[in-house]
Amino acid sequence: MNQRTRLSIFVVQALIISLMFALMGRLFYLQVAATGKYKEAALNIQSRDIVVPATRGLIVDASGVPLAMNRVGLAVTVDRSVIDKQKDKGLSVVNRVSKVLGLNPSDVWRKTRLCGEITKGDRTGCWVGNRFQPIPITKDADPEIALQIVERSSEFPGIDAKPTSVRYYPAIQGATGAHVLGYVGALTDQNLAEGNGTRYYRSESIGKDGLEYVYDSYLRGRPGIKTVIVDRKESVTEKSRDTTAVPGAHLVTSLDVRIQGAAEAGLATAVKSARAQGYRADGGAAVVMDVRTGRVLALASYPTYDPNIWEKGLTVAQAKDMYSAASYVPALSRPLAGLFAPASTFKALSIFSAVKAGYSLNASYDCPGTYKVGNRDFTNYEAKTLGRMNMKEAIAVSCDTLWYKIAYAEWLKDGGLSPKNPNDYFFSTAHQFQLDKKTGIDLPGELAGRIPDRQWKIDYWNQNKNFYCNYQKRAAKKDLTPFLIQLAKENCIDGGVLRAGDAVNFSIGQGDTVITPLKQAQIYSAIANGGTLWQPLVAKAIVKTDGTVLKTFTPKVDGKVEADSKTFAWLRDALHEVTISGTAAGAFAGFPIHVSGKTGTGEVFGLNSNGTKKNSTSWFASFAPTEKPQYAVVVMVSQGGTGAAAAGVGARQIYNTIYGVTGSKQVPENVVYPSGPPTTLPKISPTTKVAVVKASPSPSASASSKNSMKKAVK
């Protein structure tokens with residue numbers, strides 16, 4: 001390498017080193033020497049998004065009567081990012097504001113705690129959002145009191161008050177609709193994580209249950225976003241974006257406020273009737289459907305609650321009661337999530353099984369008080385001997401032993417304990433009616449029923465064989481009775497085999513068979529309309545605020561029961577006998593409309609928490625008019641005793657409203673739908689105003705702006 005080459009390399013190296021030193025010097029200047037200057041510049045140019053929540057759309061019934069609307073409330077909120085900086089983490093501030101508002105300090109403290117902060121014990125009433133959201137402690141503050149809080153900001157750091165839109169359920173005609181309408185609540189981190197492409201903002205409320213949840217994307221609307229540039233003193237220097245909030249669309253439902261109110265009242269009457277007779281009656285359900293379309297006209301659950309409590313703010317005691325067994329779990333939607341043995345209401349399905357097996361509906365059969373299956377006696381209700389009768393009379397008086405004899409005979413024909421290509425008529429009919437499948441209603445939380453057929457027996461045995469074979473070690477002391485010990489031994493050996501007792505119990509809707517009241521309504525609707533299983537549907541349409549129809553919802557067919565039309569006609573007539581000469585004759589005495597129905601008294605095994613024996617489930621499943629069915633009405637009372645004395649009484653009250661009946665006379669002008677449920681959409685009244693959310697004043701707001709807030713709330 002010559003001298004010239006060495007000189008060139010040295011120059012290049014020197015240049016690179018110089019550049020590196022210059023770069024390092026510049027980095028030092030920017031990151032260290034000039035930190036203050038650039039930090040100030042960054043603070044001087046910051047953007048802030050001001051979110052104005054959209055007005056939530058209404059939920060209305062089929063005639064346009066509001067079931068869920070909005071009103072203006074005054075919210076008092078807590079800013080955790082401020083009060084957490086206090087020495088006592090804001091405890092004294094919370095106590096002061098609670099005292100001024102007349103609230104329980106412990107309830108308010110719990111409301112302002114993030115659920116993740118409560119690591120031990122009950123989390124009831126905690127805040128599901130995050131600490132950077134204003135946390136509302138009430139939305140119904142008195143304006144005078146709220147203004148005092150705002151004006152004394154030094155005493156109440158982190159506390160603010162602002163007009164807000166409050167979701168309101170008016171309960172017109174007594175129709176609270178808690179379990180069908182649902183409620184709204186604050187966004188959670190999980191909601192944000194599971195947005196599925198939906199843009200949420202922290203200040204929004206979203207549907208949490210019921211129709212509010214299912215149709216939230218339509219009801220919520222689109223919030224307005226105003227993006228401003230602020231300096232380090234939070235003074236606005238310019239606006240970069242300003243979009244107007246788009247109100248949510250309205251949801252038109254097939255519900256009728258009069259029928260919904262009647263269903264809730266009738267169900268409450270059924271529960272009271274059961275309790276008056278000494279039964280526990282710890283809950284119930286009522287469903288009203290249009291048998292021709294599957295549209296739901298009413299859906300009620302007992303015990304119920306005022307859905308407005310979610311917006312008012314639950315106390316810790318209220319939140320616990322919602323899910324407490326001692327309060328019979330008011331939050332549980334029994335029409336969708338209550339699973340009960342259908343009992344004698346199932347005999348309507350057994351009719352189809354008997355016809356398939358070759359039994360005549362016009363023949364006469366014996367109805368003895370008891371019938372022996374193997375070494376066990378199976379009895380009628382109260383072991384009554386009812387003599388010889390035709391099948392129609394057997395349905396009317398709800399004979400059990402007739403079905404024991406038929407089911408046992410068919411079990412033997414199918415091969416008994418060693419079946420070979422069994423017909424399983426009773427199970428196949430239940431599968432045709434889709435008893436073990438969800439109805440697919442447009443509401444969350446539905447459970448599927450159960451058909452304890454041969455495959456279910458095998459699957460269940462495989463899952464529980466170890467428990468049966470170690471029963472005396474693993475069972476609770478109260479369950480170590482001689483009968484249960486012997487039963488466990490049998491199940492350990494051959495628990496997967498369909499026994500004769502399983503077959504005869506299934507024929508009358510007992511044993512391991514369970515369904516929901518909603519499924520019961522779907523089944524009886526199918527019996528009424530000739531075999532079509534409609535998917536229950538609550539929503540009818542989404543309508544924009546200007547009246548434009550955005551989307552309509554059309555009823556869908558879930559399946560078709562293959563049976564002779566004569567069998568359906570015969571059964572409709574037989575079920576009518578139940579209400580005129582059978583088990584429900586007392587409940588429907590003098591009723592001017594022909595009703596077809598079936599009572600059910602479902603035996604329940606086990607004890608209540610207080611040690612008492614569980615009472616039977618009371619059922620009444622029906623449709624009317626018999627000649628040309630239009631409505632299906634199902635009422636169920638858990639631990640309500642007999643079907644006629646509790647559920648039947650409640651169903652009669654619902655029919656009274658539907659058909660405008662007073663006593664034993666129909667008043668034409670009181671009939672809910674003289675020409676049947678409406679097929680057209682209602683006009684949603686423009687006079688039904690929704691709340692306009694105004695900007696909240698800061699603690700330093702002027703007197704004029706405070707007065708404006710006061711007027712807005714009033």
Side-chain angles (χ1 to χ4, degrees), residues 57-69 169-177 180-181 210-211 214-215 218-219 249-266 286-300 441-443 518 521-522 525 528-529 532 534-557 593 623-625 627-634 654-661 666-688:
L58 309 182
I59 300 177
V60 302
D61 80 348
S63 300
V65 178
L67 300 168
M69 52 195 300
Y169 305 93
I172 298 170
Q173 298 282 326
T176 61
V180 63
L181 298 175
L211 296 172
V214 175
Y215 297 103
Y218 297 107
L219 293 166
H250 306 314
L251 171 64
V252 180
T253 70
S254 57
L255 299 171
D256 183 274
V257 72
R258 296 159 294 182
I259 300 176
Q260 178 67 33
E264 294 181 30
V287 182
V288 182
M289 284 178 59
D290 183 339
V291 305
R292 301 165 305 177
T293 63
R295 292 195 181 277
V296 177
L297 281 70
L299 187 146
I441 189 173
D442 53 338
L443 289 172
L518 179 65
Q522 185 191 43
S525 291
N529 65 36
T532 301
W534 287 100
Q535 183 181 43
L537 185 63
V538 182
K540 290 187 74 173
I542 302 295
V543 181
K544 295 173 69 174
T545 53
D546 62 2
T548 304
V549 178
L550 194 62
K551 183 180 178 66
T552 57
F553 301 92
T554 305
K556 297 178 182 178
V557 175
I593 308 298
F623 51 83
E627 301 79 8
K628 194 175 181 181
Q630 190 170 33
Y631 306 102
V633 174
V634 169
I654 296 171
Y655 277 120
N656 282 343
T657 297
I658 292 174
Y659 289 110
V661 175
Q666 185 179 34
V667 182
E669 57 267 30
N670 290 343
V671 177
V672 172
Y673 291 127
S675 303
T679 55
T680 58
L681 297 177
K683 290 185 178 180
I684 301 174
S685 174
T687 60
T688 306

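Just so you know, these numbers use all the heavy atoms, side chains as well, and skip hydrogens, waters and symmetry mates. Just so you know, residue 1 is the first one in the sequence shown, and it goes up from there.
Tested against Leu255, the residues Leu67, Leu297, Val288 include a single side chain to side chain contact (heavy atoms under 4.5 Å, CB included) partner, Leu67. None of Asn670, Val667, Asn656 except one satisfies the side chain to side chain contact (heavy atoms under 4.5 Å, CB included) rule with Val661; the exception is Asn656.
With rounding to the nearest 0.5 Å, the separation of CD1 in Ile259 from CD1 in Ile654 is 9.5 Å. From Arg258, atom CZ reaches atom CG of Asp61 across 7.5 Å, with rounding to the nearest 0.5 Å. Rounded to the nearest 0.5 Å, atoms CD (Gln630) and OG (Ser675) are 9.0 Å apart. Distance CG/Leu518 to CD1/Ile441: 4.5 Å, rounded to 0.5 Å. Summarising the geometry, atom CD1 belonging to Ile59 is positioned 12.0 Å from atom CE belonging to Met69; distances are rounded to the nearest 0.5 Å.
Of all non-hydrogen atoms in Ala175 and Gly261, the two that sit nearest each other are CB-N, 3.7 Å. Contact between Tyr673 and Ala62 at its shortest, heavy atoms only, is OH-CB, 3.9 Å. In this structure, Ala298 and Gln260 approach most closely via the heavy-atom pair CA-OE1, 3.2 Å. Minimum interatomic distance between Pro66 and Pro170 (heavy atoms only, all atoms of both residues): O-CG, 3.5 Å. Closest of all the heavy-atom pairs between Arg292 and Pro677 is NH2-CD, 3.5 Å. Between Gly177 and Glu264, the shortest heavy-atom contact is N-OE2, 2.8 Å.
Using a 4.5 Å heavy-atom threshold, the side chains of Tyr655 and Ile593 count as separate. Using a 4.5 Å heavy-atom threshold, the side chains of Val633 and Ile658 count as touching. Side-chain contact check for Val671 versus Gln666: some heavy-atom pair is nearer than 4.5 Å.
Aromatic pair Phe553/Tyr215: centroids less than 6.0 angstrom apart.
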Does the side-chain contact (heavy atoms from CB on, under 4.5 Å) test come out yes or no for Leu299 and Leu443, once each step is laid out? CA-CA 11 Å; Leu299 187 146; Leu443 289 172; 4.2 Å; yes
Begin from the C-alpha positions of Tyr631 and Asp290 and carry the test side-chain contact (heavy atoms from CB on, under 4.5 Å) through to its verdict. CA-CA 5 Å; Tyr631 306 102; Asp290 183 339; 5.5 Å; no
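Panel note: side chain Trp534, backbone Arg295; no donor-acceptor pair is recorded below 3.5 Å.
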Listing, residues 535-547 side-chain donor-acceptor contacts under 3.5 Å, not counting sequence neighbours, or none:
{"unit_1": "Gln535", "atom_1": "NE2", "unit_2": "Gly440", "atom_2": "O", "d": "3.0"}
{"unit_1": "Lys540", "atom_1": "NZ", "unit_2": "Pro678", "atom_2": "O", "d": "2.9"}
{"unit_1": "Asp546", "atom_1": "OD1", "unit_2": "Thr548", "atom_2": "N", "d": "3.0"}
{"unit_1": "Asp546", "atom_1": "OD1", "unit_2": "Thr548", "atom_2": "OG1", "d": "2.9"}
{"unit_1": "Asp546", "atom_1": "OD2", "unit_2": "Thr548", "atom_2": "OG1", "d": "3.4"}

